[in-house]
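Each remark here refers to the structure printed beneath this line.
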Amino acid sequence: MAMNRFTLALLLLLPGLSYAAPATLQEASQLFRQGQPALALDKINSYLAGNAKDAQGRFLKGLLLAELNRTQEAIKTFSDLSDDYPELPEPYNNLAVLYASQGQYERAKNSLERAIRTHPSYATAHENLGDIYAKMASVAYDKALQLDKSNTSAQMKLALVKDIFTPAGLDKTRSGKPGSAKSASLSPPPAPLPAATTAHTQPEAAKTVAPTASDTKSNKPAADTHANVEKTVLDWAMAWSKQDVPAYLAFYAANFEVPAGMPRKDWEAQRQQRLSKPQHIRVEVSNLVVTTGDKQTTVTFAQRYESNLLKSRTQKTLVLEEQGGQWKIVREK
């Protein structure tokens, strides 16, 4: 279908809605993954009859309607959801994908800009917005060629822009087959990758270490600190990839600032669920930038997350302290 050139957010647990999914939603999600969207939609409609405002159920309904090519109904579902939950970027992103499938690129652009205003670090929306701009440029260059077929400059630009949307372009390199989505698309979540691919090798990191004032005073201690902190971050990503919950949680200090003031016990239970639920997880970190301070060290890096339920790319920052000879995470954002 036309919309598969853009990435549809496929989240069965929305950010900010961290509750355990009811059994009916889990069953519907399973049917979706098994390629039975009609049966899944019946279950969701039954569930929403008694839980009309449930955001998670409404989000999944939108995905199912889109999968069944009931585009206008899917648009209304995501539009109503974004009205009720304006802080969530995913419904805006999905609206953009659906608008793009109908050639409504201006509306798609507006929806993606709203998603980014809601969540400035939402990488999926940024990537989709770039594709929308490229497509709008392609349409404009097409028009220019219709008006002046001798305009060789427009012809060259058109070829460059359209390369994004052809099998020889980025779609092929991102997915391995022509015309497929760059990440999760309107199709059900991807099956687990072959064992040879999902082996939890240590994530590769293209490291960029930012020099600090302390580097000029004592290169060896600063270099040691950078190396130890980088290793800690890589080991943290490895534990996450292996879905080793105890090892993963051990990287967080006792004085870790739990997001949104959540009790530590509840946060750990949430993290355990999110590490254990997917069939496989791969976390890769790259472009590490380490900045040392008097008491704390900050690491900023690009994080790529992939599981059978979700793919995402984000910019992440960890703040670490050395405690008992080990670097521990005290804050993350």
Side-chain angles (χ1 to χ4, degrees), residues 11 13-21 87 119-121 200-203 205 207-210 212-215 217-218 220-278 280-307 309-310 312-333:
L11 299 182
L13 181 64
L14 293 176
L17 303 173
S18 55
Y19 56 90
E87 72 278 9
H119 196 311
S121 63
H200 300 299
T201 57
Q202 180 157 318
K207 303 170 186 175
T208 304
V209 179
T212 65
S214 62
D215 291 343
K217 296 178 181 178
S218 177
K220 187 176 186 304
D224 289 346
T225 295
H226 290 172
N228 291 334
V229 168
E230 288 170 10
K231 184 178 185 304
T232 298
V233 173
L234 292 175
D235 289 346
W236 165 81
M238 172 72 79
W240 192 353
S241 296
K242 289 183 175 180
Q243 298 174 271
D244 186 340
V245 177
Y248 170 84
L249 293 177
F251 285 95
Y252 291 86
N255 60 330
F256 170 67
E257 296 179 15
V258 179
M262 183 186 299
R264 175 70 177 248
K265 183 178 179 181
D266 293 346
W267 174 80
E268 290 189 353
Q270 181 192 81
R271 297 309 301 165
Q272 179 172 6
Q273 180 190 35
R274 293 187 178 180
L275 264 70
S276 303
K277 184 176 180 180
H280 73 273
I281 291 176
R282 175 179 296 162
V283 180
E284 297 178 356
V285 298
S286 60
N287 302 323
L288 281 76
V289 178
V290 180
T291 306
T292 57
D294 292 339
K295 296 182 179 180
Q296 296 181 334
T297 295
T298 301
V299 189
T300 301
F301 53 90
Q303 174 181 295
R304 182 175 182 272
Y305 174 95
E306 178 181 332
S307 75
L309 300 178
L310 171 67
S312 67
R313 295 180 182 179
T314 57
Q315 191 74 10
K316 192 153 188 172
T317 299
L318 297 179
V319 180
L320 300 94
E321 286 182 359
E322 190 171 15
Q323 299 180 359
Q326 295 182 322
W327 286 97
K328 298 284 187 177
I329 301 169
V330 295
R331 187 163 62 255
E332 65 181 353
K333 53 187 177 179

| Derivation and outcome, ring-ring contact (aromatic ring centres under 6.0 Å, His included), residues Trp240 and Tyr305 | CA-CA 10 Å; Trp240 192 353; Tyr305 174 95; 5.7 Å; yes
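- Checking side-chain atoms of Ser307 against main-chain N and O of Pro278 turns up no donor-acceptor pair under 3.5 Å.
- Between the side chains of Tyr248 and Gln272, no donor-acceptor pair of N or O atoms lies under 3.5 Å.
- Gln315 has its side chain within reach of Thr300: a pair of non-hydrogen atoms, C-beta onward, lies under 4.5 Å apart.
- Between Arg274 and Arg271 the shortest side-chain heavy-atom distance falls below 4.5 Å.
- Side-chain N or O atoms of Gln303 include none that pairs as donor or acceptor with a backbone N or O of Thr314 at under 3.5 Å.
- Atom CZ in Phe251 sits 5.0 Å away from atom CG in Asp235 (nearest 0.5 Å).
- Using a 4.0 Å cut-off between charged side-chain N and carboxylate O, Lys328 and Glu321 make no salt bridge.
- Between atom CZ of residue Arg331 and atom OG1 of residue Thr317 there is a gap of 10.0 Å, rounded to the nearest 0.5 Å.
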Determine, step by step, whether Trp236 and Trp327 satisfy the side chain to side chain contact (heavy atoms under 4.5 Å, CB included) criterion, reporting the C-alpha distance in whole Å, the side-chain angles of both residues, the deciding distance to 0.1 Å, and the verdict.
CA-CA 11 Å; Trp236 165 81; Trp327 286 97; over 6 Å; no
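- The aromatic rings of Trp267 and Phe256 sit tilted relative to each other, their planes meeting at an angle between 30° and 60°.
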Legend entry - Full working for side chain to side chain contact (heavy atoms under 4.5 Å, CB included) between Thr291 and Thr297: CA-CA 6 Å; Thr291 306; Thr297 295; over 6 Å; no
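- Shortest non-hydrogen contact noted between Leu320 and Leu318 is CD1-O, 3.8 Å.
- For the pair Glu284/Phe301, no side-chain contact is recorded, criterion being any heavy-atom separation below 4.5 Å from C-beta on.
- Taking CG of Asn228 as the start and CD of Glu322 as the end, the distance is 7.5 Å to the nearest 0.5 Å.
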Tell me, with the steps shown, if Lys333 and Lys316 meet side chain to side chain contact (heavy atoms under 4.5 Å, CB included).
-> CA-CA 6 Å; Lys333 53 187 177 179; Lys316 192 153 188 172; over 6 Å; no
Q) Would His226 and Thr292 satisfy side chain to side chain contact (heavy atoms under 4.5 Å, CB included), going step by step from the backbone distance to the final call? A) CA-CA 8 Å; His226 290 172; Thr292 57; 3.6 Å; yes
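- The heavy-atom pair separating Val330 from Gln323 by the smallest distance is CG1-NE2, 4.0 Å.
- Considering only heavy atoms from C-beta on, Met262 comes within 4.5 Å of Gln270 through its side chain.
- Side chains of Val245 and Ser276 form a contact here, defined as non-hydrogen atoms less than 4.5 Å apart.
- With rounding to the nearest 0.5 angstrom, the CD1 atom of Ile329 is 10.0 Å from the CG atom of Leu249.
- Between atom CZ of residue Arg264 and atom CD of residue Glu257 there is a gap of 11.5 Å, rounded to the nearest 0.5 Å.
- The minimum heavy-atom distance linking His280 with Gln243 is given by the pair CA-OE1, 3.7 Å.
- A distance of 11.5 Å separates CD in Glu87 from NE2 in His119, rounded to the nearest 0.5 Å.
- In this structure, the side chains of Glu230 and Val290 come closer than 4.5 Å at one or more pairs of heavy atoms.
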